[in-house]
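In what follows, a structure is listed as structure tokens, so that the remarks can point back to it.
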Amino acid sequence: MPEKEKLSIVVFSDELDKALAAFILATTGASMGMDVSMFFTFWGLNILKKNGGSAGGRGLMKKVMNFMNRGGSKRLKLSHFHMFGLGTAMMKRFMKESRLPSIDEFIRMAKDMGVKLIPCSTSCGVMGLDEGSFREEVGSLAGAAFFLNEARQSKVTLFI
Amino acid sequence: MPEKEKLSIVVFSDELDKALAAFILATTGASMGMDVSMFFTFWGLNILKKNGGSAGGRGLMKKVMNFMNRGGSKRLKLSHFHMFGLGTAMMKRFMKESRLPSIDEFIRMAKDMGVKLIPCSTSCGVMGLDEGSFREEVGSLAGAAFFLNEARQSKVTLFI
Amino acid sequence: MPEKEKLSIVVFSDELDKALAAFILATTGASMGMDVSMFFTFWGLNILKKNGGSAGGRGLMKKVMNFMNRGGSKRLKLSHFHMFGLGTAMMKRFMKESRLPSIDEFIRMAKDMGVKLIPCSTSCGVMGLDEGSFREEVGSLAGAAFFLNEARQSKVTLFI
């Protein structure tokens with residue numbers, strides 16, 4: 001049996017529009033029979049945080065950072081035109097009208113389709129997060145060497 | 001005859017500097033004999049809108065979104081230092097002094113060199129755009145599966 | 001002897017977090033035995049400017065542009081939460097606590113590991129910079145054709 005072609009996506013940003021682009025590509029790739037891995041790094045980690053939960057940071061500074069990065073898939077904002085929530089609310093309405101899943105639904109769908117959701121261990125270290133900070137769909141932490149090893153075997157690698 | 005090597009570029013942003021980077025790479029690739037496709041998605045669609053025209057959105061919310069995203073290659077701003085137009089005007093002047101084409105000229109040049117300019121159909125759905133919204137150099141809409149199929153045959157794929 | 005696998009990274013942004021991601025990937029790739037090139041373009045050029053020095057621009061407009069882009073690895077800001085310096089200062093403190101090198105240290109480490117640091121000649125033209133504008137670790141300027149030629153031989157290419 002031939003091996004599946006790999007698609008590797010780095011999700012660096014927690015902006016709603018970029019997260020959406022990443023999940024559309026990941027789930028499309030999976031539906032085409034590709035073996036898809038998403039690596040969440042820096043702000044991208046916010047997408048995978050438990051909704052409503054506070055992440056398990058240590059120390060005062062990390063607590064402040066955690067507050068600023070409260071995260072969870074429902075808190076993401078647009079990169080443009082957030083406009084105190086109005087632009088983001090409109091985008092969410094358009095997504096619904098266009099029958100696009102929400103990010104929350106995309107995360108579950110991706111997981112069901114076999115997409116691997118991998119938090120970057122180095123970023124977790126800098127931001128005071130650990131495996132307990134993330135929702136249940138999320139896999140084990142992995143570092144830059146793991147990502148590069150996947151990427152060099154991939155047909156397509158994207159940094160979003 | 002050997003097949004040409006492919007270069008696939010996703011243009012996600014409508015910032016002047018990123019659009020410029022995308023078109024410099026696309027036209028350079030074409031001049032090196034590569035088969036180049038540019039996929040315009042989300043804000044990147046604004047680059048391809050008719051200059052001065054209003055896009056054919058439906059419904060009040062989409063009209064508002066269209067107003068905010070008036071688009072057209074002459075409206076693009078810098079990602080940094082837009083400064084109410086001053087920084088962007090300076091960048092345009094530097095581009096002229098350095099004999100760099102404008103984005104408008106780059107679009108025509110790319111088209112003449114055989115670069116394919118492809119709007120993402122999913123983003124068009126979310127943003128209320130259709131083929132009539134775009135300038136004449138632009139090709140047919142295509143979705144994420146079409147892009148990934150091109151990308152997996154490409155020597156180089158960039159998400160800009 | 002088999003040729004080393006290549007990793008090519010475009011560094012478009014001068015934001016601290018993106019620069020950090022680029023250098024972590026570049027040095028990790030080098031430690032895995034990859035042949036790594038980093039292409040610095042547009043704002044990314046600021047990372048490589050001499051610390052504290054003013055770049056050799058010509059003309060009043062370029063002087064203004066140089067002032068805005070003072071650059072140097074110690075001036076980089078976060079893409080989110082810069083908050084007049086507070087968020088950036090906190091990130092630098094977390095980097096230190098997590099024993100991550102500073103960007104300054106990363107530049108020297110990358111150079112020592114054989115990573116090539118290449119400023120984009122077209123961007124240098126637009127921004128009024130030349131080889132004298134950059135720190136000693138930096139190699140010769142090269143253009144988009146050089147980058148694409150490296151990228152098409154690379155196992156992994158990232159636009160950050």
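The chains referred to below are lettered A, B, ... by the order of the sequence lines, with proteins before strands, and numbering in each begins at 1.
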Taking the basic N atoms (NZ, or NE/NH1/NH2) and the acidic carboxylate oxygens, is any pair closer than 4.0 Å for Arg108(C) and Asp112(C)?
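Answer for the salt bridge query: no.
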
Salt bridge present between Asp104(A) and Arg135(A) (N-O < 4.0 angstrom):
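A salt bridge links Asp104(A) with Arg135(A).
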
ring-ring contact (aromatic ring centres under 6.0 Å, His included) evaluation trace for Phe12(C) with Phe159(C):
CA-CA 7 Å; Phe12(C) 179 88; Phe159(C) 189 102; 5.7 Å; yes

For chain C, which of Val156(A), Leu148(A), Ile160(A) has the most heavy-atom pairs under 4.5 Å?
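Counting heavy-atom pairs under 4.5 Å, the top option is Leu148(A).
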
What part of Thr157(C) gets within 4.5 angstrom of chain A, counting heavy atoms only: side chain, backbone, both, or neither?
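It is the backbone, since no side chain atom gets that close.
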
Which portion of Leu25(C) sits near chain A, non-hydrogen atoms under 4.5 angstrom
both

Side chain from CB out, backbone as N, CA, C, O: work out which of these in Thr41(A) comes under 4.5 Å of a heavy atom of chain C, or both, or neither.
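For Thr41(A), there is no contact with chain C at all, as no heavy atom is under 4.5 Å.
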
Give a yes-or-no answer on whether the side chains of Ser8(C) and Ser37(C) include a donor-acceptor pair shorter than 3.5 Å.
no

